[in-house]
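I have placed the structure first, in the form of structure tokens, so that the comments after it can refer back to it.
When a ligand or atom number is given, it counts from 1 through the structure's own listing order.
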Amino acid sequence: MSTPTRLPLSFSERGPGGEAPRPPMPTPSSVTVHAPATIANVGCGFDVLGLCLTAPYDVVRLTRRDQPGLTIRHLDDYDLPTDPNRNVAGAALLALLRAVPEPLGFEVEITKGIRPGSGIGSSAASAAGAVVAANALLGNRFSHKELIDMAMYGEAVASGVRHADNIAPAICGGFTLVRAVQPVLDVVALPAPALWVAVVHPQFEVKTKEARAVLPTSVPLSLAVRQWANVGGLVAGFLTHDNELIARALEDYIVEPARASLIPGLGDAKRLALEAGALGGGISGSGPSIFMLNKDEATAHAAAEALGSVYRKMGIDFHLHVGPIASQGARVVSEE
Ligand code: HSE
């Protein structure tokens with residue numbers, strides 16, 4: 001009997017470098033994800049620009065279970081809803097479950113490292129962390145774009161609007177531009193600019209719904225022109241590493257003036273941080289956090305100290321975060 005001829009491996013059987021196939025990895029039954037804070041708007045880019053931070057982050061653990069559906073537990077003190085339809089991670093996971101043909105069930109444990117209502121993407125982190133964890137349990141069958149689309153259902157629970165400017169950087173990392181949400185999601189993920197971020201989080205809450213309610217429903221064309229000139233300038237500045245252009249473009253003529261009264265100390269905090277050497281900044285997302293971008297770590301610490309000094313003088317508790325822009329978004333840190 002002749003020996004059967006082994007056909008050459010097809011492209012799909014070989015690894016990306018053409019190497020021999022590896023045995024399939026066993027699928028984990030439980031994964032833990034760190035899902036980072038993010039800065040939405042980045043000054044002039046209301047609802048379209050976002051940056052990923054390295055910290056703080058939520059910890060989301062998903063475990064497969066036999067019974068279809070979700071159970072959610074919060075291992076923190078924020079008293080957030082655990083009904084999947086009213087929980088940001090739950091709403092995102094329900095969207096994912098609708099997209100898979102097989103009946104699946106997950107136990108979800110969330111430990112919030114990002115305080116809700118802080119303006120640094122707390123709801124986006126939990127929603128993004130949940131779908132990234134589920135995707136890992138499913139052999140990474142969904143793309144970043146599909147995961148962003150699912151996680152946006154979490155944002156709708158939190159603020160009534162399926163916006164992606166926190167979700168996109170929380171999943172892709174770096175710097176993201178949401179060119180369109182409708183009719184088709186169009187997200188441009190760009191490399192993280194080599195800048196350092198200083199964030200002050202004064203310990204009071206601004207609800208995104210309320211911060212959106214104060215916004216104008218129409219804007220004069222002259223202001224719109226200045227605003228989109230800055231959006232273009234900021235994106236160009238990030239891509240060409242032009243810090244002077246970034247500094248000139250970090251100005252929001254439309255949204256920040258409308259929200260400034262919700263954030264006492266905003267003007268002084270920005271002024272002192274600029275004097276300390278920051279390139280520029282503004283309200284992070286819908287506030288109350290304030291971010292400043294900086295050319296290096298030392299300047300970021302000086303800017304953070306300046307931001308904090310304003311709230312210390314006002315007798316308002318605050319947290320400071322200093323770190324580089326993160327190149328990676330929500331990531332699996334352990335599998336079992
Ligand atoms: N772009 C949104 C807003 C972000 O400013 O309302 C909310 O975090």
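- For atom 4 (C) of ligand 1, the choice among Glu155, Lys209, His163 with the nearest heavy atom turns out to be His163.
- Atoms of ligand 1 lying under 4.0 Å from at least one heavy atom of Asn166, given by number and element, are 4 (C), 7 (C), 8 (O).
- More than 12 heavy atoms of other residues, nucleotides or ligands sit less than 6.0 Å from atom CZ of Arg271.
- Partner of Lys112 under the side chain to side chain donor-acceptor pair (under 3.5 Å) criterion, out of Asp58, Asp76, Asp77: Asp58 alone.
- For Arg61 and Ser30, the side-chain atoms include at least one donor-acceptor pair closer than 3.5 Å.
- Salt-bridge annotation for Arg73 and Glu109: present, with a side-chain N of the basic residue lying under 4.0 Å from a carboxylate O of the acidic one.
- Under a 4.0 Å criterion applied to the non-hydrogen atoms of Phe46, ligand 1 contributes the atoms 3 (C), 5 (O), 6 (O).
- Ligand-side atoms of ligand 1 in range of Arg212: 1 (N), 2 (C), 3 (C), 6 (O), range being under 4.0 angstrom from any heavy atom.
- Residue-ligand proximity, Arg259 to ligand 1, at heavy-atom distances under 4.0 Å covers atoms 3 (C), 5 (O), 6 (O).
- Of the charged side-chain nitrogens involved, none lies within less than 4.0 Å of a carboxylate oxygen, so that Arg248 and Asp242 do not count as a salt-bridged pair.
- Ligand 1 places these atoms under 4.0 Å from at least one heavy atom of Asp47: 1 (N), 2 (C), 3 (C).
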